[in-house]
Visitor: 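Before I ask anything, let me first share the structure, which is written out below as C-alpha cells.
The basis for the numbers below is simple: all heavy atoms, side chains too, and nothing from hydrogens, waters or symmetry mates.
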There are 2 protein chains.
Amino acid sequence: MSFYIDKFHFNTDSLLDGLPKKEFRELKVNMIRREFKTGKSIFKEKSYPTGIYIMRKGKVKIFKTNKEGGQQIVYIYCKGEIMGYRSILSNEPHPVSAVALENVVVSFIPREKFLSTVSHSLDLSNRLLRNMAHEFTVWTNTISVFAMYPVRERVALSLLVLNEKYRRNRYKNKLPVISISRDDLAQYVGTAKETLIRMLQDFKQRKMIRTSGRKKIVVLKPSELEKITKLY
Amino acid sequence: MSFYIDKFHFNTDSLLDGLPKKEFRELKVNMIRREFKTGKSIFKEKSYPTGIYIMRKGKVKIFKTNKEGGQQIVYIYCKGEIMGYRSILSNEPHPVSAVALENVVVSFIPREKFLSTVSHSLDLSNRLLRNMAHEFTVWTNTISVFAMYPVRERVALSLLVLNEKYRRNRYKNKLPVISISRDDLAQYVGTAKETLIRMLQDFKQRKMIRTSGRKKIVVLKPSELEKITKLY
DNA sequence: ATGATTCATTGACATTTATCAATCATGTGT
DNA sequence: ACACATGATTGATAAATGTCAATGAATCAT
C-alpha cells in the first residue's frame, strides 16, 4: 500500500482550474509572472501580504524564526499550490516567512484583485473553504507528529513526504531525487543537523536510502521507512 | 503588557452573531440543544461529521490518538467557539476526537442544514473563510512551539493560554482557576505526566502558580511565566 | 465516616537528543 | 588541477526528557 501523503500535503492543484470562466478570467488578467532565485525571500514573517502566489515551478520553504535565530520549516510548497492567501483573508500580517529552495516561478495576483473576486464569487469562496478545511487535517497531523514522535520516526516520515513532493521532478522511470540541504532537512524535521545526519547514516546502512553529493537523497525502500513511522 | 493569546486561540465568538437576519434565522431554526457530561465523547477520529457544534457552556478537548494509545491534545474549545465544521466543508472524516472536559452544553446544527446555508450565503462563506484563515496562524504557532521549544517553556506557555481560556469562568475579582487533570495537561503540553509535574513543582516553589486538590491551578504571576516562554 | 480506587507525586535510572569541537568532502572560482 | 569556502560528518560529552516503581493524597461509593 502506498504512503498516504494527503495527510501531510495540501494539494491545491485544481483550486482555480475548475473555476467558472468569468472569475477565472478576472483573476487571470491580473496575474503577473514573477521569479525568485534559490535562497531569495518571497515574503517575511510579520509583513503585510501584498498578494497571492500560485506556484508554477520550484519549491518554497515556509518557516518561523525564533529568538535564538533558529528556523522551523512548517511546510514546503510545490508546483500547483497556492501560497499566502490566508493572511489576506484574515487581514493579518504573515505568521511565517517564505524562501525559495530552488529557482522558483510563480503567478502573482495582487491582494485587492484577489479580495474583490473572493468577495463576490460564492464559487471561489466555497472552493477556498473546502481547501482550507482540508489543510486543517494536515496541520493537526503535523502537530501530533511533532509532539508525539521521536526524531527517528519524524525523519522517516519527512523523507516519505518529501519523496512524494519531489516525485514530479523525476525523469521517466527514475526514482525521485530529494534535493535539500542537511540544514533545511533538519529544520523541517525539527532536530539538530548532527542528529539528522546520524539518522540518515543509519537509514543508509540499512539500504533504505542513498545519498550523493551535498543535497541529493534517494529513497530506495519506502516500505521500510513506512514501517519505521508506524503510520501505514 | 498582557499575553497575546490570539496567537494560540481561535476566538470565533462573533462568527454567527453578525450574520444577516435571514441566514441567522435559517441556522437558528435548525439548532438543537445538546448536553455532554464530563468525559463523554462528542465525536471520534475517523468518523464522518453529522453537524456543527456551537459551544455554549464547558470545555472540550480535541485530540489525536496514536498507535500506543497515547493522546495528543491539539486544542481546547471554550464557550462561543464553533467545532466540527471544517470536516463538513472538506467532506472528510474527523481528523481528531472530541471529549467533554467538563459538563458541556452546545447548540448543534445538522450537517445538511449547515452546508445548504453555506452554499448559498456569500456572507457566511466569507466569514468562515476569515475565521479559518486566522486559525492558520494559530496552527503554525502551535507547530513551531512543539517543534522548537523545550518542555519548561511549553508548560509556561500552556498555563498562560489556559489562564486566558479559563478567565471567563472566574468569579468577580478572583483569579481564573484552571481546572484540568495532570494527565490532560501533560497531553496538552506534549510531555510525560511526571515531567509535567516536576515543572509545576518548580513553578510552585517560585510562587508563579498555586495548586489545590487534584485539578486546580491558579496562575499567580503571569509575567514571570511570560519571561520563561520568551515570547512576550 | 471508611475503605477502595483513582490520581498525583517523588526518586532512581535509562534513553534520547543537543551541543561542541574537530575533521572531512564537495563544490566553486581561478 | 588547485586552493578556498562552505557544508557534511564524526566523536565525545552534556543536558533534557522519558520510564519504571514506590509512596502519598484526594475523591468516590457505600
Visitor: To the nearest angstrom, how far is B:I197 atom CD1 from D:dG24 atom C1'?
Guide: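 Spelled out: CD1 on B:I197 to C1' on D:dG24 is 12 Å.
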Visitor: Could you check how far CD1 of A:I217 sits from C1' of C:dT26, rounded to whole Å?
Guide: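 So the two atoms are 15 Å apart, to the nearest Å.
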Visitor: Is the A:Y53-A:F43 ring centre distance short of 6.0 angstrom?
Guide: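 So the answer is yes for these two rings.
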Visitor: Among all residues two or more places apart in sequence or in another chain, which pass the salt bridge (Lys or Arg N to Asp or Glu O under 4.0 Å) test with A:R152?
Guide: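 Counting only residues at least two positions away or on another chain, A:R152 forms a salt bridge (Lys or Arg N to Asp or Glu O under 4.0 Å) with A:D202.
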Visitor: For B:K64, enumerate each residue passing the salt bridge (Lys or Arg N to Asp or Glu O under 4.0 Å) test, keeping only those at least two apart in sequence or located in another chain.
Guide: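 In terms of salt bridge (Lys or Arg N to Asp or Glu O under 4.0 Å), with neighbours along the sequence ignored, B:K64 is linked to B:E45.
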Visitor: Restricting to salt bridge (Lys or Arg N to Asp or Glu O under 4.0 Å), what partner residues turn up for B:E92, sequence neighbours left out?
Guide: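 Salt bridge (Lys or Arg N to Asp or Glu O under 4.0 Å) check on B:E92 returns nothing, list empty.
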Visitor: For nucleotides 16-22 of chain C, which of its nitrogen or oxygen atoms have a protein nitrogen or oxygen under 3.5 Å away, and what is each distance?
Guide:
{"unit_1": "C:dT17", "atom_1": "OP1", "unit_2": "A:V151", "atom_2": "N", "d": "3.0"}
{"unit_1": "C:dA18", "atom_1": "OP2", "unit_2": "A:T191", "atom_2": "OG1", "d": "2.4"}
{"unit_1": "C:dA18", "atom_1": "OP2", "unit_2": "A:A192", "atom_2": "N", "d": "3.4"}
{"unit_1": "C:dA18", "atom_1": "OP2", "unit_2": "A:T195", "atom_2": "OG1", "d": "3.1"}
{"unit_1": "C:dT19", "atom_1": "O4", "unit_2": "A:R198", "atom_2": "NH1", "d": "3.4"}
{"unit_1": "C:dC20", "atom_1": "N4", "unit_2": "A:E194", "atom_2": "OE2", "d": "3.1"}

Visitor: Quickly work out the B:R182 CZ to D:dA26 C1' distance and round it to whole Å.
Guide: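 Rounding to the nearest Å, CZ of B:R182 and C1' of D:dA26 are 12 Å apart.
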Visitor: Consider the side chain of A:K204, meaning its heavy atoms from C-beta on, and name the nucleotide among C:dT9, D:dA8, D:dT9 that approaches it most closely.
Guide: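 So the nucleotide nearest the side chain must be D:dT9.
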Visitor: Using side chain to side chain contact (heavy atoms under 4.5 Å, CB included) as the criterion, list what pairs up with B:K221, not counting sequence neighbours.
Guide: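 Listed in chain order: B:K207, B:E224.
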Visitor: Holding to side chain to side chain contact (heavy atoms under 4.5 Å, CB included), I want the full list of residues that pass it with B:K193, two or more places apart in sequence or in another chain.
Guide: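 So B:K193 forms a side chain to side chain contact (heavy atoms under 4.5 Å, CB included) with B:R182, B:D183, B:A186, B:I197.
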Visitor: To the nearest Å, give me how far apart CD (A:Q187) and P (D:dA8) are.
Guide: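 Rounding to the nearest Å, CD of A:Q187 and P of D:dA8 are 11 Å apart.
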Visitor: Determine which pairs satisfy side-chain hydrogen bond (donor to acceptor under 3.5 Å, both in side chains) with at least one residue from residues 208-219 of chain B, sequence neighbours left out, and list them in order.
Guide: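 The answer is B:K204-B:T211.
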Visitor: What pairs with B:A147 under side chain to side chain contact (heavy atoms under 4.5 Å, CB included), at least two apart in sequence or on another chain?
Guide: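 By the side chain to side chain contact (heavy atoms under 4.5 Å, CB included) rule, B:A147 matches A:Q72, A:F146.
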Visitor: Please enumerate all protein N or O atoms sitting under 3.5 Å from an N or O of nucleotides 4-6 of chain D, with distances to 0.1 Å.
Guide:
{"unit_1": "D:dT6", "atom_1": "O2", "unit_2": "A:R214", "atom_2": "NH2", "d": "2.2"}

Visitor: Between the axis at one end of the helix from C:dA1-D:dT30 to C:dT30-D:dA1 and the axis at the other (five pairs apiece), what's the angle to 10 degrees?
Guide: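 Between the first-five-pair axis and the last-five-pair axis there is 50°.
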Visitor: Quickly work out the B:K215 NZ to C:dC7 P distance and round it to whole Å.
Guide: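 Interatomic distance, NZ of B:K215 to P of C:dC7: 10 Å.
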Visitor: Separation of B:Q205 atom CD from C:dT10 atom P, in whole Å?
Guide: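 Those two atoms, CD and P, are 8 Å apart.
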Visitor: Can you list everything that forms a salt bridge (Lys or Arg N to Asp or Glu O under 4.0 Å) with A:E194? Sequence neighbours excluded, please.
Guide: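 So A:E194 forms no salt bridge (Lys or Arg N to Asp or Glu O under 4.0 Å) with any residue.
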Visitor: Quick check with a 6.0 Å cut-off and a 45 degree axis cone: is B:K230 positioned over the face of B:Y149's six-membered ring?
Guide: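 Not flagged: B:K230 not positioned over aromatic ring of B:Y149.
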Visitor: Just to verify, what does A:K46 make a side chain to side chain contact (heavy atoms under 4.5 Å, CB included) with, not counting sequence neighbours?
Guide: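 If we apply the side chain to side chain contact (heavy atoms under 4.5 Å, CB included) test to A:K46, skipping adjacent residues, there are no hits.
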Visitor: Separation of B:L200 atom CG from C:dT10 atom P, in whole Å?
Guide: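 These atoms are roughly 10 Å apart.
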